[in-house]
Amino acid sequence: MKNHRSPTSFVPKEFAQNAATALHRWAAPLDGLNVALLVTPDGFEISSIVQAEMNLTRLGAMTSSLIAMTRAVGRELHFSSCRRLVIDTEQGSVIVQPIDGKFPCLLCVVMKSDAVLGSALWSMGEIARALSGVK
């Protein structure tokens with residue numbers, strides 16, 4: 001009999017707790033936040049803050065795909081890495097940022113149209129620093 005474990009069971013418990021703390025500290029206070037979602041590189045949810053109706057399973061999968069496509073474009077253009085991807089529309093913005101470290105993951109933040117993009121970018125940087133172990 002095979003041992004079937006959910007993909008998130010491979011996320012270290014301490015990392016998942018740190019992720020939830022970081023999202024609540026830096027993403028939750030953002031004015032205009034719809035969703036802050038932290039996923040594994042293959043798109044499985046680690047932690048989230050949801051303030052608007054959204055399918056997190058699909059958003060996680062799309063987050064993984066968007067970063068994969070962004071990295072492929074970067075390689076084609078001889079860019080060394082992907083710091084983040086920003087999709088800005090009249091209805092709002094989606095920002096996806098890879099987080100390196102002992103446990104690599106992806107952060108996706110969905111903001112309302114009236115949100116201050118700079119505040120979201122700063123908060124995402126703080127979350128990345130907290131989870132990558134960079135001081």
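Just so it is clear, the model here is predicted, and its values are computed rather than measured. Numbering starts at 1 and runs along the sequence shown.
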In short, Q97 meets R83 closest at the heavy-atom pair CG-O, 3.3 Å

Between the CG atom in L121 and the CD atom in E126, the distance rounded to the nearest 0.5 Å is 12.0 Å

| request: Spell out, yes or no, whether I127 and L56 are grouped together once hydrophobic residues are joined by side-chain heavy atoms under 4.5 Å, including indirect joins. | output: no

L106 and P98 have their tightest heavy-atom pair at CD2-CA, 3.7 Å

Exactly one of L59, T63, V39, V110 clears side chain to side chain contact (heavy atoms under 4.5 Å, CB included) with V96, and that residue is T63

The reported gap from CZ in R71 to OG in S81 (rounded to nearest 0.5 angstrom) is 8.5 Å

Are I99 and L66 joined in one hydrophobic group, where the rule is that I, L, V, M, F, W and Y side chains link up if heavy atoms are under 4.5 Å apart?
no

Contacts of T70 meeting side chain to side chain donor-acceptor pair (under 3.5 Å) (sequence neighbours excluded), chain-then-number -> none

Taking only distance into account, with no hydrogens and no angle test, what donor-acceptor pairs under 3.5 Å do side-chain atoms of residues 16-38 form with protein atoms, sequence neighbours excluded?
unit_1 : atom_1 : unit_2 : atom_2 : d
N18    : ND2    : E14    : O      : 3.4
T21    : OG1    : Q17    : O      : 3.0

Value for CG (D42) from SG (C105), rounded to nearest 0.5 Å, stands at 11.5 Å

In short, E90 meets S113 closest at the heavy-atom pair O-CB, 3.1 Å

Minimal heavy-atom distance between L131 and F15, with the atoms involved, is O-CE1, 3.8 Å

Check step by step if side chain to side chain contact (heavy atoms under 4.5 Å, CB included) holds for T40 and F10.
CA-CA 10 Å; T40 61; F10 296 106; over 6 Å; no

Q.
Checking the side chain of S48 only, and the main-chain atoms of V50 only, is there a donor and an acceptor separated by less than 3.5 Å?
A. no

Membership question, hydrophobic clusters at under 4.5 Å side-chain separation (ILVMFWY): are W122 and M124 in the same one? yes

Does L85 share a hydrophobic cluster with M111, counting links as ILVMFWY side-chain heavy atoms below 4.5 Å and allowing steps through other members?
no

CE (M69) and SG (C82) are apart, to the nearest 0.5 Å, by 11.5 Å

Item to check | Hydrophobic cluster membership, V109 vs L117, 4.5 Å side-chain cutoff | outcome: yes

